[in-house]
Amino acid sequence: PFQLGFQDATSPIMEELLHFHDHTLMIVFLISSLVLYIISSMLTTKLTHTSAMDAQEVETIWTILPAIILILIALPSLRILYMMDEINNPSLTVKTMGHQWYWSYEYTDYEDLTFDSYMIPTSDLKPGELRLLEVDNRVVLPMEMTIRMLISSEDVLHSWAVPSLGLKTDAIPGRLNQTTLVASRPGLYYGQCSEICGSNHSFMPIVLELVPLKHFEEWSAS
């Protein structure tokens with residue numbers, strides 16, 4: 001309710017990212033608490049050990065222990081990184097092009113299924129719609145299917161990002177980047193351009209409408 005954490009995860013990758021975030025944050029919290037306790041105890045007591053400068057065992061521990069902690073952080077991180085890079089036989093491919101300052105989409109598996117997606121001005125919003133996030137043409141995609149997004153740009157650097165799906169891929173002129181998404185439940189998912197691409201870079205909203213396959217087929221045929 002206070003928007004202090006992440007959005008609810010909609011994809012398996014985002015669930016893994018949230019678990020990794022909690023795992024790492026707990027390690028940081030424990031280390032910070034330990035250091036704060038040691039500093040507090042050193043400042044509030046006059047007792048010192050005469051041979052503290054020659055404690056080889058202590059130095060060995062505080063050298064090996066941080067290395068183990070770093071391994072515990074690095075291994076889950078690398079696992080998720082490789083999971084995000086995998087492309088497993090996508091069922092649908094959508095090409096996304098960034099423009100100043102709107103997105104255009106092309107469903108490469110269909111003929112002539114292309115459209116531009118502009119932000120709806122505040123004066124044209126209907127009751128219940130979100131300011132600076134609604135678009136005139138939503139990206140309709142089937143849920144529970146592997147979808148490949150090809151992302152590029154026509155003019156300057158953009159970044160196609162949907163937080164609840166764990167997606168953030170740069171759109172670079174002359175370069176074709178790709179990412180995959182799998183939505184575990186239907187719904188509307190919002191994102192924005194996450195690159196400072198010009199004066200209106202924050203007014204490039206992204207709206208994904210994830211629906212069951214049957215409804216997607218009806219939409220693509222209409």
Side-chain angles (χ1 to χ4, degrees), residues 1-18 21-22 84 92-107 113-171 177 179-220 222:
F2 294 102
Q3 298 181 350
L4 298 177
F6 291 97
Q7 298 180 14
D8 291 339
T10 309
S11 67
I13 292 295
M14 190 58 188
E15 290 178 3
E16 293 288 338
L17 289 171
L18 289 181
H21 169 267
D22 296 341
M84 295 174 69
L92 180 68
T93 300
V94 180
K95 185 178 179 182
T96 304
M97 297 295 291
H99 304 269
Q100 292 179 315
W101 280 276
Y102 64 96
W103 298 99
S104 62
Y105 298 93
E106 176 184 350
Y107 290 70
L113 185 50
T114 62
F115 55 84
D116 296 331
S117 182
Y118 290 86
M119 185 190 74
I120 298 177
T122 304
S123 57
D124 297 337
L125 290 175
K126 298 176 182 177
E129 292 185 337
L130 301 175
R131 177 177 171 270
L132 302 182
L133 285 177
E134 298 291 346
V135 296
D136 54 357
N137 292 310
R138 295 171 176 170
V139 184
V140 181
L141 297 171
M143 55 177 282
E144 296 180 335
M145 295 180 67
T146 304
I147 300 164
R148 174 172 55 191
M149 303 296 300
L150 301 177
I151 300 165
S152 187
S153 172
E154 285 280 357
D155 35 53
V156 297
L157 292 175
H158 300 284
S159 185
W160 198 80
V162 183
S164 58
L165 288 165
L167 299 176
K168 186 177 185 295
T169 304
D170 289 339
N177 289 330
T179 186
T180 57
L181 66 94
V182 179
S184 55
R185 54 192 170 89
L188 284 178
Y189 305 103
Y190 295 88
Q192 286 180 310
C193 177
S194 297
E195 187 73 51
I196 301 178
C197 61
S199 60
N200 292 326
H201 82 97
S202 59
F203 303 103
M204 292 180 62
I206 302 159
V207 183
L208 302 185
E209 184 175 347
L210 277 303
V211 298
L213 179 59
K214 178 182 177 181
H215 297 294
F216 172 76
E217 291 176 340
E218 293 173 354
W219 172 82
S220 61
S222 59

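If you read the sequence from its start, that first residue is 1, and numbering goes on from there.
When side chains are defined from C-beta on, Leu132 counts as touching Phe203, because their heavy atoms get closer than 4.5 Å. Put simply, the side chain of Phe216 reaches to within 4.5 Å of the side chain of Val140, judged on heavy atoms. The closest side-chain heavy-atom distance from Met14 to Phe6 is below 4.5 Å. Using a 4.5 Å cut-off on side-chain heavy atoms (C-beta onward), Trp101 and Ser199 make contact. Annotation: side chain of Leu208 is in contact with side chain of Leu165 (closest heavy-atom distance under 4.5 Å). Side-chain contact between Tyr189 and Val207 is absent, with no heavy atoms from C-beta onward closer than 4.5 Å. At a threshold of 4.5 Å between non-hydrogen side-chain atoms, the residues Trp160 and Leu167 count as touching. Contact annotation: the side chain of Leu150 never approaches that of Thr96 to less than 4.5 Å [non-hydrogen atoms, C-beta and beyond].
More than 12 heavy-atom neighbours from other residues, nucleotides or ligands sit within 6.0 angstrom of CG on Leu188.
In terms of heavy-atom proximity, Met149 sits nearest to Leu181 at CG-CD2, 3.7 Å. Heavy-atom minimum distance, Thr114 versus Glu106: CG2-CG, 3.4 Å. Of all heavy-atom pairs spanning Met143 and Ser184, the tightest one is CE-O, 4.0 Å. In terms of heavy atoms, Ala171 sits closest to Ser153 at O-CB, 3.5 Å. Across all their heavy atoms, Met84 and Gly166 have their closest contact at CE-O, 4.0 Å. The minimum heavy-atom distance linking Thr10 with Arg185 is given by the pair OG1-NH2, 3.5 Å.
Note that CD of Glu195 and OG1 of Thr169 are 12.0 Å apart. Values are rounded to the nearest 0.5 Å. For the atom pair OG (Ser152) and CE (Met97), the distance works out to 4.5 Å, reported to the nearest 0.5 Å. We find the CG-NE2 distance between Leu210 and His215 to be 13.0 Å, quoted to the nearest 0.5 Å. Here the straight-line distance linking atom CG of Leu92 with atom CG of Leu141 works out to 6.5 Å at 0.5 Å rounding. Here the straight-line distance linking atom CD of Glu217 with atom NZ of Lys214 works out to 10.0 Å at 0.5 Å rounding. Interatomic distance, CG of Leu125 versus CZ of Arg131, reported as 8.5 Å (0.5 Å rounding).
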Open item on the list: For a side-chain contact (heavy atoms from CB on, under 4.5 Å) check, start with the C-alpha distance between Met204 and Cys197, then their side-chain angles and the critical distance, and finish with the verdict.
Closed with: CA-CA 10 Å; Met204 292 180 62; Cys197 61; 3.9 Å; yes

Next on the checklist: Please evaluate residues Leu213 and Met145 with respect to the criterion side-chain contact (heavy atoms from CB on, under 4.5 Å), reporting the C-alpha separation (whole Å), side-chain torsions for both, the decisive distance (0.1 Å), and the verdict.
Outcome noted: CA-CA 9 Å; Leu213 179 59; Met145 295 180 67; 3.7 Å; yes

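Between the side chains of Tyr190 and Glu134, at least one donor N or O lies within less than 3.5 Å of an accepting N or O. With 3.5 Å as the limit, one finds a donor-acceptor pair spanning the side chains of Ser159 and Asp170. Under 3.5 Å, the side chains of Thr93 and Arg148 contain a donor-acceptor pair of N or O atoms.
A tilted orientation is assigned to the rings of Tyr105 and Phe115, their planes being inclined by 30° to 60°. The aromatic rings of Tyr102 and His99 lie parallel to each other, their planes meeting at an angle below 30°, with 60° marking the opposite boundary.
Using a distance-only test at 3.5 Å, with no hydrogens or angles considered, no donor-acceptor pair links the side chain of Glu16 to the main chain of Ile13. Checking side-chain atoms of Ser117 against main-chain N and O of Asn137 turns up a donor-acceptor pair under 3.5 Å. Under the 3.5 Å distance criterion, the side-chain polar atoms of Asp155 are matched with a main-chain donor or acceptor of Gln100.
Residues that satisfy the side-chain hydrogen bond (donor to acceptor under 3.5 Å, both in side chains) test with Tyr107, not counting sequence neighbours, are absent from this structure.
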